[in-house]
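To keep things clear, I will list the structure first and then write my remarks on it.
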Amino acid sequence: MNVNQKLNSCYDSVKSKIGDFVPKVALVLGSGLGEFADEIEVVKTVSYSDIDGFPQSTVEGHKGRFVFGKVGDVPVVIMQGRVHYYEGYSMHDTVLPIRLMKKLGSEILFLTNASGGISFGAGEFMLIIDQISSFVPSPLIGSNLDEFGVRFPDMSEIYDKALREKIKESAIKVGVPLQQGVYVQASGPNFESPAEIKMYKTLGADAVGMSTACEAIVANHAGMRICGISCVANLACGLSDNPLTHDEVMEAANACAPMFKKLIRSSIESFSGEL
Ligand code: HPA
């Protein structure tokens, strides 16, 4: 099956399970941040394992299902767990869920992740204002999917300015301190070396992670409006004396969860005027 055939087959499978529900906002929940999906008005859940051909999330802390429902009056689809390039999937498979959520009707993509802090420390939230994806292959390599967008898409404002303003206003409203900065995607699964972190810092990155940028590229190609928040789970390698572990990332993300949930809920509710 080629990329389009696989996508269409996943679409048919999900569509048959959700009927006429049309999500307007797609939310991807990063490592340790999945709890938010348990607190919305749920209409339907669809496990990735029940979708033929859909890439399965193999990472601890990622549940592996779509949750369809409402946040305030906004119809949403939430990915409770994403798939990562480092799990061994092709870039096309890694971003298939994003295209699927667009095809289901989503106009806005809200990306979240846990990251290593270059400019910020553990427990801080960073509104993503731009990204560096040059260290992973573009998900748009291969035949262009004309149904979604053009061969050479512009990337001058990947993260939508108006949505960023809404999120900043929401952060003030719910009393959550919010930094802003540039996210760089590394391939993972190994954490970076101190020299790599120095390089990323020199290049202008404020936080590093193993997801998100490739998802933002396909979404931008497909004409979605994108926003993203990174939850800094640890100081990036070399910026503290501690060796990094996934458990530490999960623990920090769990600790961020209550504030994170408040910020996400308030932000999504504020998008209702944009839809
Ligand atoms: N590096 C890359 N990805 C991450 C990190 C990190 O330090 N922490 C959480 N995700």
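Note that ligands are numbered from 1 as they come in the structure, with each ligand's atoms numbered from 1 the same way.
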Item to check | Residue pair I108, I226: steps toward the side chain to side chain contact (heavy atoms under 4.5 Å, CB included) verdict | outcome: CA-CA 6 Å; I108 289 177; I226 303 156; over 6 Å; no
Next on the checklist: What does the 4.0 Å heavy-atom contact list look like for ligand 1?
Outcome noted: A114, S115, G116, F191, E192, V208, G209, M210, N234, L244, V249
Item to check | Non-neighbouring partners of E35 that pass salt bridge (Lys or Arg N to Asp or Glu O under 4.0 Å), sequence neighbours left out | outcome: K261
Checklist entry - Say you draw a straight line from CZ of F125 to CZ of F120; how long is it, rounded to the nearest 0.5 Å? => result 13.0 Å
Next on the checklist: Using side-chain heavy atoms (C-beta onward) and a distance below 4.5 Å, is R265 in contact with V71?
Outcome noted: yes
Checklist entry - Is T112 reaching over with its side chain to a backbone N or O of G30, donor-acceptor style, under 3.5 angstrom? => result yes
Next on the checklist: What's the separation between atom OH in Y11 and atom CG in L104, rounded to the nearest 0.5 Å?
Outcome noted: 6.0 Å
